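Structure record follows, encoded as structure tokens.
In the text below, chain A, chain B and the rest are named by the order of the sequence lines, each starting its count at 1. Below, each value reflects all heavy atoms present in this structure, side chains not excepted, and no hydrogens, waters or symmetry copies. Just so it is clear, the structure is predicted and the values come from calculations on it, not from any experiment.
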Number of protein chains: 2
Amino acid sequence: MVSKAVVSDIRDRLKTRGLRITPQRFAVYGNLLDRTDHPTVDQILEAINEELPIASKASVYTALTVLREVGLVREVLLDEGVTRYDANVQPHHHFVCADCGAIVDLPWNLLGDRLDLSQIPPSLDVTSYELTVRGRCGGCE
Amino acid sequence: MVSKAVVSDIRDRLKTRGLRITPQRFAVYGNLLDRTDHPTVDQILEAINEELPIASKASVYTALTVLREVGLVREVLLDEGVTRYDANVQPHHHFVCADCGAIVDLPWNLLGDRLDLSQIPPSLDVTSYELTVRGRCGGCE
DNA sequence: TTAAATGCAAACTATTTGCACGTAA
DNA sequence: TTACGTGCAAATAGTTTGCATTTAA
């Protein structure tokens with residue numbers, strides 16, 4: 001695992017942001033970089049403890065909190081009462097399968113320049129926006 | 001209260017969908033129709049019990065569940081770990097204030113049908129989509 | 001060496017559920 | 001009359017927190 005970004009790359013990203021490189025943080029961030037399925041805390045915990053127990057649930061929570069604070073990770077809240085995490089911090093949209101709950105990243109240019117911001121009340125100061133597309137994924141038809 | 005939709009109108013909507021008209025259901029749906037701020041369960045509870053206690057929290061939960069099942073109400077999940085409710089079931093987008101958490105409905109034609117679906121993988125069967133716009137609202141600048 | 005991070009368990013918050021009682025139709 | 005709804009309290013699920021112990025730098 002941890003194939004997408006090299007070990008030293010992950011270490012650099014953490015260090016650059018003033019974070020200590022602990023095995024737990026490394027495992028959490030490495031795992032997130034390695035997958036695109038927007039896992040929950042439990043899924044991350046299961047993945048990184050698969051071979052040998054390395055982190056507690058509380059540590060995964062705090063690692064994710066800190067990673068989010070420094071901008072390496074973002075939360076994805078869709079439906080259900082679970083928070084999902086994503087190491088893709090570039091702007092993008094999401095597709096959510098109504099059946100299995102799978103989440104798929106969609107390209108940012110899906111929207112292009114089609115947004116007509118003039119229709120938003122001027123009293124609202126817009127800083128970002130993103131699309132949530134719902135439907136059924138390939139495996140659920 | 002319950003000014004937007006007339007009392008008999010609310011009764012009809014509930015009856016049409018096979019729902020018994022209980023004071024609790026009536027109050028919950030009437031309150032939701034009367035506001036556009038996407039309240040939480042606690043806010044609805046507080047509002048309908050303001051003058052005289054009429055419903056328990058559990059009843060508000062079950063009323064909302066049933067109202068959602070028959071399509072009179074929808075859930076709005078943004079951030080924070082709270083579910084908000086909306087009696088506006090027409091397609092529309094949302095603005096969320098990053099400071100105070102206020103939610104404002106945005107018109108559907110902000111985006112309309114101008115989504116470039118060709119960029120979505122054909123294996124994904126799209127049934128709906130909506131935009132979440134973030135920023136700062138008038139009161140929070 | 002030491003400030004920062006971990007692990008555990010307890011605390012919290014939001015929501016769901018089981019069941020006896022009440023009530024709309 | 002009776003199937004459906006309510007209220008309460010207990011149960012769950014997700015997340016946060018306090019604190020003693022460990023550890024990265």
Side-chain angles (χ1 to χ4, degrees), chain A residues 7-8 10-32 38-46 48-49 52-70 72-85 101 103, chain B residues 7-8 10-31 38-46 48-49 52-70 72-85 101:
Chain A
V7 168
S8 64
I10 298 183
R11 299 181 72 88
D12 280 352
R13 293 193 201 179
L14 295 174
K15 191 169 289 182
T16 301
R17 282 155 237 249
L19 298 185
R20 277 197 192 169
I21 298 154
T22 68
Q24 292 79 1
R25 265 177 203 166
F26 185 92
V28 168
Y29 186 47
N31 181 254
L32 263 181
H38 309 69
T40 63
V41 165
D42 281 329
Q43 291 173 321
I44 297 170
L45 187 69
E46 193 189 346
I48 66 182
N49 283 345
L52 113 147
I54 184 181
S56 70
K57 194 182 277 199
S59 299
V60 173
Y61 271 108
T62 55
L64 286 168
T65 300
V66 124
L67 288 166
R68 181 159 47 76
E69 284 169 358
V70 301
L72 287 177
V73 156
R74 64 143 97 170
E75 286 184 354
V76 182
L77 266 272
L78 285 310
D79 278 299
E80 355 137 273
V82 211
T83 306
R84 296 175 171 278
Y85 294 88
I103 299 171
Chain B
V7 168
S8 63
I10 298 184
R11 299 180 73 88
D12 281 351
R13 293 194 201 178
L14 294 173
K15 192 170 288 183
T16 301
R17 283 156 236 251
L19 297 185
R20 278 198 191 167
I21 298 155
T22 68
Q24 293 79 2
R25 265 176 203 167
F26 186 92
V28 168
Y29 186 48
N31 182 253
H38 308 69
T40 64
V41 166
D42 280 329
Q43 291 174 321
I44 297 170
L45 187 69
E46 193 188 345
I48 66 182
N49 283 345
L52 112 148
I54 184 179
S56 70
K57 193 183 278 197
S59 299
V60 174
Y61 270 109
T62 55
L64 287 169
T65 300
V66 125
L67 288 167
R68 180 159 46 77
E69 284 169 359
V70 301
L72 286 177
V73 157
R74 64 143 98 169
E75 285 184 355
V76 182
L77 266 272
L78 284 311
D79 279 299
E80 356 137 271
V82 211
T83 305
R84 295 175 172 278
Y85 294 87

Open item on the list: Donor-acceptor check, side chain of E46(A) to backbone of Q43(A), threshold 3.5 angstrom: yes or no?
Closed with: no
Task: Gap between atoms CD and C1', on E69(B) and dG5(D) respectively (whole Å) - done: 14 Å
Task: Whole-Å gap separating P (dT22(D)) and CD1 (I54(A)) - done: 18 Å
Task: Whole-Å distance separating the CG atom of L45(A) from the P atom of dA13(D) - done: 16 Å
Task: Rounded distance (Å) that lies between atom P of dA14(C) and atom CG of L77(A) - done: 14 Å
Open item on the list: Measure CZ/F26(A) against C1'/dA24(D) and give the value in whole Å, please.
Closed with: 15 Å
Open item on the list: Return whichever of Y85(A) or G18(B) has its heavy-atom-nearest nucleotide of DNA chain D closer to the 5' end.
Closed with: G18(B)
Open item on the list: Any base atoms under 4.0 Å from T40(B), or only sugar-phosphate, or nothing? Heavy atoms, all strands.
Closed with: nothing
TODO: Identify which nucleotide among dT15(C), dT6(D), dA5(C) has an atom closest to any side-chain atom of R25(A), counting heavy atoms from C-beta outward.
DONE: dA5(C)
Open item on the list: side chain to side chain contact (heavy atoms under 4.5 Å, CB included), that's the test. Do T83(B) and L64(B) meet it? Break it down for me.
Closed with: CA-CA 11 Å; T83(B) 305; L64(B) 287 169; over 6 Å; no
Open item on the list: Any heavy-atom pair between the side chains of K57(A) and D42(A) that's under 4.5 Å?
Closed with: yes
TODO: Find the distance E46(B):CD to dA14(C):P and express it as a whole number of Å.
DONE: 14 Å
Task: Contact residues, residues 55-64 of chain A to DNA chain C [heavy atom, < 4.0 Å] - done: A55(A), S56(A), A58(A), S59(A), T62(A)
Open item on the list: Can a donor-acceptor pair be found, under 3.5 Å and without considering hydrogens, that links the side chain of Q24(A) to the backbone of V60(A)?
Closed with: no
TODO: Examine distances only and state if a side-chain atom of R25(A) and a backbone atom of R20(A) form a donor-acceptor pair shorter than 3.5 Å.
DONE: yes
Open item on the list: Do L19(A) and L67(A) make a side-chain contact, defined as non-hydrogen atoms from C-beta onward lying under 4.5 Å apart?
Closed with: yes
TODO: Taking the side chain as every heavy atom from C-beta outward, state whether L32(A) and L72(A) have any atom pair closer than 4.5 Å.
DONE: no
Task: Side-chain (R17(A)) to main-chain (R13(A)) donor-acceptor, under 3.5 angstrom - done: yes
Open item on the list: Can you confirm whether Y85(B) sits close enough to E75(B) that some side-chain heavy atom of one is under 4.5 Å from a side-chain heavy atom of the other?
Closed with: yes
Open item on the list: In this structure, how many angstroms lie between the P atom of dA14(C) and the CD atom of E75(B), rounded?
Closed with: 15 Å
TODO: Ignoring backbone atoms, establish whether Q24(A) has a side-chain N or O less than 4.0 Å from OP1 or OP2 of dT23(D).
DONE: no
- [ ] For T65(B), report the nucleic acid contact type (base, sugar-phosphate, nothing); a contact means any heavy atom under 4.0 Å.
- [x] nothing
TODO: Specify the separation, in whole Å, of atom CG of L67(B) and atom P of dT6(D).
DONE: 10 Å
- [ ] Using a 4.0 Å cut-off on protein heavy atoms (strictly under), produce a 5'-to-3' string for nucleotides 20-25 of chain C with B for base contact, S for backbone-only sugar-phosphate contact, and - for none.
- [x] ---BBS
